[in-house]
Amino acid sequence: TQDRWELEGQWDHFLASSFYSYLNSRYEVDDIAGIDYRFRLGGGIGYQWLDAKDVFNTGKWSFSQEAGAAWIRTEYAQMTSDTEDSAASVRYAHHLAYLPVWRDGLEFFHNFEYLPQVDDFSIFLAKADIGFTTKLIFNFDLLAKIEWEYNSTPSFGRKKSDTRYIVGLGYKW
């Protein structure tokens, strides 16, 4: 039901034990949302509040927050006269992971990202997911997650919000 793919990368450089700077980029194509391509390049700072810390003997918790700036270029399948194809944005993101003590190889996660346009905060992108991975065999994992995206200025005739339910096979090295 989807003709969508994305490629994303991030490089973190720790300046202190919990404080870091980052550079990231993303390239995505989404025919259903009417996006021929969207490219993002950004950087900023982050703070790792928890790094696999065992909290009250419940398991290992990780939590980090990031803030920075990004440049986003989008080419829509159908653009209106007021649709901008590139803009500067600020970025906020957080990442939460939990590895419970009661099941080795199981990890729950939640990620959130918000990118409002610098000159008009009513124009923004948001993305969130929640799910889990669990070890199957060797280094293969089962992934199940719900992913939500919001685009305040979608391609002409398309919805602003999109929800996906994803089940997949992954490999960790």
Side-chain angles (χ1 to χ4, degrees), residues 4-28 30 35 38-74 87-118 121-136 139-152 160-173:
R4 177 186 195 288
W5 62 272
E6 68 183 50
L7 180 63
E8 182 176 13
Q10 179 162 317
W11 174 78
D12 298 334
H13 175 71
F14 279 83
L15 306 167
S17 63
S18 297
F19 185 70
Y20 62 95
S21 62
Y22 71 86
L23 295 172
N24 65 15
S25 66
R26 174 187 281 159
Y27 185 86
E28 59 188 301
D30 190 341
I35 298 171
R38 179 179 289 136
F39 175 71
R40 183 186 79 210
L41 184 62
I45 57 171
Y47 193 81
Q48 197 164 34
W49 297 93
L50 297 171
D51 182 19
K53 301 281 190 218
D54 190 355
V55 179
F56 303 116
N57 294 321
T58 60
K60 293 181 181 176
W61 292 83
S62 297
F63 180 68
S64 63
Q65 292 178 294
E66 299 171 347
W71 174 78
I72 302 170
R73 170 141 177 98
T74 304
S89 173
V90 292
R91 178 180 178 267
Y92 166 79
H94 66 244
H95 313 283
L96 174 67
Y98 168 58
L99 289 82
V101 295
W102 44 269
R103 173 74 162 88
D104 191 36
L106 178 64
E107 178 182 351
F108 295 98
F109 60 86
H110 164 64
N111 299 291
F112 175 75
E113 184 176 49
Y114 174 63
L115 295 128
Q117 196 168 299
V118 170
F121 271 50
S122 69
I123 300 173
F124 66 94
L125 300 171
K127 183 176 183 176
D129 68 11
I130 188 166
F132 71 90
T133 63
T134 186
K135 186 174 175 134
L136 292 176
N139 289 344
F140 288 96
D141 283 1
L142 171 70
L143 164 77
K145 71 177 181 174
I146 299 170
E147 191 174 85
W148 170 80
E149 283 193 41
Y150 186 87
N151 182 352
S152 65
K160 292 182 177 187
S161 182
D162 187 20
T163 303
R164 290 181 285 282
Y165 304 91
I166 300 168
V167 176
L169 183 65
Y171 184 81
K172 288 186 180 174
W173 63 87

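Computed from a predicted model, the values in this text were never measured in an experiment.
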From [X] [atom1] over to [Y] [atom2], what is the distance, rounded to the nearest 0.5 angstrom?
X: Lys135; Y: Asp104; atom1: NZ; atom2: CG; answer: 8.0 Å
X: Glu8; Y: Arg26; atom1: CD; atom2: CZ; answer: 4.0 Å
X: Asp141; Y: Leu136; atom1: CG; atom2: CG; answer: 6.5 Å
X: Leu115; Y: Asn151; atom1: CG; atom2: CG; answer: 11.0 Å
X: Ile130; Y: Glu147; atom1: CD1; atom2: CD; answer: 12.5 Å
X: His13; Y: Tyr20; atom1: NE2; atom2: OH; answer: 13.5 Å

Evaluation steps, side-chain contact (heavy atoms from CB on, under 4.5 Å), between Leu143 and Phe109: CA-CA 11 Å; Leu143 164 77; Phe109 60 86; 3.7 Å; yes
Ignoring hydrogens and geometry beyond distance, is a side-chain donor-acceptor pair present between Asp12 and Gln10 at under 3.5 Å? yes
Using a 6.0 Å cut-off, check whether atom CG of Asn139 has over 12 heavy atoms from anything other than its own residue. yes
Got more than 12 heavy atoms from elsewhere within 6.0 Å of NZ, Lys127? yes
Just wondering, do [Y] and [X] contact through their side chains at under 4.5 Å, heavy atoms?
X: Arg91; Y: Tyr22; result: yes
X: Val90; Y: Val118; result: yes
X: Asp129; Y: Ile166; result: no
X: Lys53; Y: Phe63; result: no
X: Tyr150; Y: Lys160; result: yes
X: Leu125; Y: Arg38; result: yes
X: Tyr47; Y: Ile45; result: no
X: Trp5; Y: Tyr27; result: yes

Kindly say whether [Y] contributes a backbone atom to a donor-acceptor pair with the side chain of [X] at under 3.5 angstrom?
X: Asp30; Y: Arg4; value: no
X: Ser18; Y: Trp49; value: no
X: Asp54; Y: Gly59; value: yes
X: Ser89; Y: Pro116; value: yes
X: Tyr114; Y: Phe124; value: no

Test log, rule side-chain contact (heavy atoms from CB on, under 4.5 Å), inputs Val101 and Asn57: CA-CA 8 Å; Val101 295; Asn57 294 321; 5.9 Å; no
What do the steps show when you test Trp61 against Phe108 for ring pair (Phe, Tyr, Trp, His ring centres under 6.0 Å), and what is the final call? CA-CA 10 Å; Trp61 292 83; Phe108 295 98; 9.3 Å; no
Hey, can you tell me if His110 and His94 have their rings parallel, tilted or perpendicular (30° and 60° cut-offs)? tilted
Applying side-chain contact (heavy atoms from CB on, under 4.5 Å), run through Lys145 and Asn111 and close with a yes or a no. CA-CA 11 Å; Lys145 71 177 181 174; Asn111 299 291; over 6 Å; no
Using a strict 4.0 Å threshold on nitrogen-to-oxygen distance, state whether Arg40 and Glu113 make a salt bridge. yes
Of all the heavy-atom pairs spanning Glu28 and Ile35, show the shortest one and how long it is. O-CG2, 4.4 Å
Can you give me the closest heavy-atom contact between Ser122 and Ser152, atom names plus distance? O-OG, 3.3 Å
Would you sort out whether Thr134 and Phe132 count as a side-chain contact (heavy atoms from CB on, under 4.5 Å), showing the intermediate values? CA-CA 7 Å; Thr134 186; Phe132 71 90; 4.2 Å; yes
